[in-house]
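So you know, we letter chains A, B, ... as the sequences are listed, proteins then strands, and number each from 1. What you see is a predicted model, and the numbers here were worked out from it, not measured in a lab.
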Amino acid sequence: MPELPEVETTLQAIKLFENKTLSSVKINNPNLRWLVDKSINKKISNKKIVSIFRRAKYLIIDLCDHYLIIHLGMSGTLRIMNRSDNYFKKHDHAEFIFKNKKLIYNDPRRFGSIHITDSYKDHFLINKLGPEPLSREFSGKYLYSVIKSSNTNIKNFIMNQKNVVGIGNIYASEILFKASIKPTRVAKSISMHECDLIAKYSKNILKRAIKVGGTTLKDFFSAEGAQGYFKIQLNVYDRADQKCKKCKGVIEKIIQNQRATYFCDACQN
DNA sequence: CTGAGATCCTGTCTGC
DNA sequence: TGCAGACAGGATCTCA
């Protein structure tokens, strides 16, 4: 489901569990993308949460001597409930229970995962990730240095989490539209100036999306279930055959690496 | 090593 | 309305 802004929005909502003690963990269905460690409850129940943060699209919960890593996959959500609430939704696979509240992991497609580890930085999901798009490290200069040796198309390149994290299928199309770069271009043909544009608009678009509550998604809701979240204005994604907002062109939809790509053939070069 | 395609899974929407 | 088929926000894996 979520790209970086949606994960960031979820993070902000669940930060209220910082400095709280996790009473217990209940796994209703361990068959996620990876099997959930059977000893998870033993390892982290009655532990105090030191901090909660985000790396790429992963939420990381620091429990002092263990880290909980949560990925929402394509369809995962977290929601906060009162501990006494006893209604369930289909696909509520895990429950993190606190004194007064509980945090529920729901994921229909089960492409997400929950891991427990001693050292998150060494974890196989984390240790090969590229730079954060909103960090100083992610610049046109950095991009240009890694892009030169890549023969894949530029859209696939910026979605590859080894090159830069957090950019998913929606924002990849949006970023390339803003940068006026055709998504089918071979990565190594991208110029230094174009790398600057990609870096600039990645930051710009992701920041704006975070500001409005991080939702491009039809079924995305904040962990508090709060209303009033605005949809970010999409320029190309899901706008096939509609008018380009920049020029008089028409938005096209193509399939790249089995994913839908949207772009304007007239103003993206 | 790289890059392309298949794959995991359920829900929703479209067209016949 | 029923049902088959396409498609969906991710990312790993398998194979050439």
Open item on the list: Please classify the nucleic acid contact of Lys253(A) as base, sugar-phosphate, or nothing, using heavy-atom distances under 4.0 Å.
Closed with: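 Counting heavy atoms under 4.0 Å across all strands, the contact made by Lys253(A) is with sugar-phosphate only.
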TODO: Identify whether any heavy atom of Tyr237(A) sits under 4.0 Å from a base atom; if not, whether one sits that close to sugar-phosphate; answer base, sugar-phosphate or nothing.
DONE: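 The answer is sugar-phosphate, as Tyr237(A) gets under 4.0 Å only of primed atoms, P, OP1 or OP2.
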Counting side-chain heavy atoms from CB outward, which of [options] is closest to [X]?
{"X": "Ala260(A)", "options": "dT12(C), dA11(C), dA8(C)", "value": "dA8(C)"}
{"X": "Asn169(A)", "options": "dG10(C), dG11(B), dG3(B)", "value": "dG10(C)"}
{"X": "Arg33(A)", "options": "dA8(C), dG3(B), dT12(C)", "value": "dT12(C)"}
{"X": "His91(A)", "options": "dG10(C), dA8(C), dT10(B)", "value": "dT10(B)"}
{"X": "Arg110(A)", "options": "dA4(B), dT12(C), dT10(B)", "value": "dT10(B)"}
{"X": "Arg259(A)", "options": "dG10(C), dG3(B), dA4(B)", "value": "dG10(C)"}

Any side-chain N or O of [X] below 4.0 angstrom from OP1/OP2 of [N]?
{"X": "Thr152(A)", "N": "dA4(B)", "result": "yes"}
{"X": "Ser75(A)", "N": "dA8(C)", "result": "no"}
{"X": "His71(A)", "N": "dA11(C)", "result": "yes"}
{"X": "Lys90(A)", "N": "dT10(B)", "result": "no"}
{"X": "Asn151(A)", "N": "dT2(B)", "result": "no"}

- [ ] Please evaluate the base of dA4(B) for a donor-acceptor partner in the side chain of Gln258(A) within a cut-off of under 3.5 Å?
- [x]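 Absent.
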TODO: Report yes or no: is there a donor-acceptor pair, N or O only, under 3.5 Å between the side chain of Arg109(A) and the base of dC9(B)?
DONE: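 Answer is yes: a donor-acceptor pair is held.
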Rounded to the nearest Å, what distance is computed from the [atom1] atom of residue [X] to the [atom2] atom of nucleotide [N]?
{"X": "Asn160(A)", "N": "dG3(B)", "atom1": "CG", "atom2": "P", "answer": "9 Å"}
{"X": "Lys188(A)", "N": "dG3(B)", "atom1": "NZ", "atom2": "P", "answer": "9 Å"}
{"X": "Leu32(A)", "N": "dG10(C)", "atom1": "CG", "atom2": "C1'", "answer": "14 Å"}
{"X": "Lys89(A)", "N": "dT10(B)", "atom1": "NZ", "atom2": "P", "answer": "19 Å"}

Task: Aromatic ring pairing Phe124(A)/Trp34(A), orientation class (parallel under 30°, perpendicular over 60°, tilted between) - done: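 If you compare the ring of Phe124(A) with that of Trp34(A), the planes turn out perpendicular.
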- [ ] Mind telling me whether Tyr105(A) and His93(A) have parallel, tilted or perpendicular rings, with 30° and 60° as the class edges?
- [x]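 Tilted.
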Open item on the list: Can you tell me how far apart NZ (Lys203(A)) and CD1 (Ile205(A)) are? Round to the nearest 0.5 Å.
Closed with: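 Reported value, rounded in 0.5 Å steps: 13.0 Å.
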Open item on the list: Determine whether the aromatic ring of Phe111(A) stacks with the base of dG10(C), defined as ring centroids separated by less than 5.5 Å and ring planes inclined by less than 30°.
Closed with: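 Yes, aromatic ring over the base.
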- [ ] Could you let me know what dC9(B) is paired to, Watson-Crick or G-U wobble, both distances under 3.5 Å, or none if it's on its own?
- [x]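 Answer to the pairing question: none, since dC9(B) forms no Watson-Crick or G-U pair.
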Open item on the list: Is it the case that the side chain of Glu132(A) and the backbone of Val165(A) share a donor-acceptor pair, with hydrogens and angles ignored and the cut-off at 3.5 Å?
Closed with: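 Answer holds: no.
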TODO: Answer yes if the ring centres of Tyr120(A) and Phe53(A) are under 6.0 angstrom apart, and no otherwise.
DONE: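 Yes.
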TODO: Check whether the ring centres of Phe177(A) and Phe263(A) lie less than 6.0 Å apart, and answer yes or no.
DONE: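 No, the ring of Phe177(A) stays outside the 6.0 Å limit from the ring of Phe263(A), centre to centre.
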